[in-house]
S.K.: 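Here you go, one structure.
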Amino acid sequence: MKTEEKNAAPRVRIAVLGQANVGKSALTVRYLTKRYIGEYRSDTDLLYRQTVTVNNAPIDVEIVDISGETTDSPLPVEQVEWSDACVLVYSITDRQSFEYAHAALQRLLKTGRPTTLLANKADLEHLRQVEESEGRKAASEGSCAFYEVSAVDNTAGLYQAFDSLLAECRAAQQHQPKARKFSVSKMLGTLIGSAAGKQHPPPLPVGGGTVVEFHKSDLHRTRVLSRRPNFAATASL
Ligand code: GDP
Ligand code: MG
């Protein structure tokens, strides 16, 4: 049976979560492209794919950047289930976003996924509503990593946060070396790739990577189809 082992780099999937406007898109794009772009589309989830190097080894990282509409519920369940790990973001200028993140963190930890808490917009000290110690305490209660970062200032912590999380996921995968029977991501790519072709072009130029719309309905279809052994992933959709 052909498996994703054929690919050179292992794959890790990350969901970036948090309330609207905390900087999820800015941080995701900053991590992947080293660039800061002020305004982003926020009406749809986006799936970024890129190969990054962590501890001198390549990793095919897939990051779903959740849109505003899906973040008011306690947790976007399908995106979390899809992910290997989560980055939970709040803004130091928005106490409500911290409270959301604090509650979401407790739910996330129950899923057993490695999670990192990011306090963004650290450049806006004069607007601070959440002390660093509060974020650190919330993270340590859940034994998860914590960084105060700024997508604007390009702080080193944001790279450390993603890289450490990826390294943790790789370490966990290496302890569970069993390969998947098929590549959910590849199937998802086929599904959403064809759907995205009918939409607007990718909103951001991502150096060396790709970005497509991520639809929950496609994920659901992927799951349903995956249970049918005769399904051909290349069927035109
Ligand atoms: P999302 O809804 O969580 O994806 O948030 P966005 O990434 O779209 O960012 C929301 C707003 O905050 C935009 O106007 C960004 O330019 C701004 N923003 C994001 N990160 C930072 C940051 O680190 N510092 C400052 N000052 N503004 C930021
Ligand atoms: Mg966004």
Side-chain angles (χ1 to χ4, degrees), residues 13-50 61-76 78-80 82-83 85-105 108 115-132 134-136 145-162 165 192 196 199-207 209-216:
R13 293 172 292 200
I14 293 180
V16 180
L17 311 170
Q19 273 194 328
N21 229 29
V22 296
K24 298 181 297 299
S25 301
L27 288 170
T28 302
V29 171
R30 184 59 115 169
Y31 174 67
L32 292 175
T33 70
K34 316 260 186 302
R35 292 167 59 192
Y36 176 73
I37 299 167
E39 298 306 320
Y40 301 86
R41 257 180 91 163
S42 59
D43 57 345
T44 182
D45 294 355
L46 294 176
L47 177 67
Y48 295 83
R49 291 202 185 92
Q50 192 161 316
V61 64
E62 296 184 352
I63 303 182
V64 64
D65 170 22
I66 313 270
S67 71
E69 280 96 76
T70 50
T71 52
D72 288 335
S73 58
L75 270 186
E78 277 151 313
Q79 291 91 334
V80 169
W82 169 89
S83 71
C86 296
V87 171
L88 187 53
V89 185
Y90 68 89
S91 165
I92 68 156
T93 66
D94 179 353
R95 172 152 292 275
Q96 215 203 336
S97 74
F98 172 67
E99 275 152 18
Y100 172 89
H102 198 177
L105 182 59
L108 271 180
T115 297
T116 292
L117 185 63
L118 292 189
N120 191 35
K121 307 199 186 183
D123 54 295
L124 299 178
E125 186 59 46
H126 55 295
L127 298 175
R128 182 185 283 276
Q129 292 183 2
V130 185
E131 294 306 317
E132 182 170 4
E134 294 177 89
R136 200 167 289 289
F146 172 76
Y147 298 83
E148 267 207 4
V149 297
S150 164
V152 166
D153 279 358
N154 203 17
T155 51
L158 81 89
Y159 298 95
Q160 281 166 23
F162 278 94
L165 193 60
I192 58 185
Q199 313 273 336
H200 306 292
L204 295 166
V206 179
T210 61
V211 53
V212 294
E213 291 185 13
F214 180 104
H215 294 296
K216 276 200 300 192

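Excluded from the calculations below are hydrogen atoms, water molecules and symmetry mates; all remaining heavy atoms, backbone and side chain alike, are included. Just follow the structure's listing: the first ligand is 1, and inside any ligand the first atom is 1.
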S.K.: Do Asn120 side-chain atoms and Ser91 backbone N/O form a donor-acceptor pair below 3.5 Å?
M.R.: no
S.K.: Test of understanding: with side chain to side chain contact (heavy atoms under 4.5 Å, CB included), list the residues that count as partners of Glu99, not counting sequence neighbours.
M.R.: Arg95
S.K.: Taking the side chain as every heavy atom from C-beta outward, state whether Leu117 and Tyr90 have any pair of such atoms under 4.5 Å apart.
M.R.: yes
S.K.: Indicate the atoms forming the closest heavy-atom contact of Ile63 with Val61, along with that distance.
M.R.: CG1-CG2, 3.7 Å
S.K.: For ligand 1, would you mind listing the residues that have at least one heavy atom less than 4.0 Å away, ordered by chain and number?
M.R.: Gln19, Ala20, Asn21, Val22, Gly23, Lys24, Ser25, Ala26, Tyr36, Gly38, Glu39, Tyr40, Asn120, Lys121, Asp123, Leu124, Ser150, Ala151, Val152
S.K.: Using every non-hydrogen atom in the two residues, find where Ser97 and Gln19 come nearest and quote the distance to one decimal.
M.R.: CA-OE1, 3.2 Å
S.K.: A side-chain contact here means heavy atoms from C-beta on lying under 4.5 Å apart; do Val89 and Leu27 qualify?
M.R.: yes
S.K.: So Val64 and Ser83, do their side chains get closer than 4.5 Å, heavy atoms only?
M.R.: no
S.K.: With sequence neighbours left out, what residues match Tyr147 under ring-ring contact (aromatic ring centres under 6.0 Å, His included)?
M.R.: none
S.K.: Within a strict 4.5 Å, meaning less than it, do heavy atoms of the Leu47 and Glu62 side chains meet?
M.R.: yes
S.K.: Provide the tally of protein N/O/S atoms nearer than 2.8 Å to the Mg ion (ligand 2).
M.R.: 1
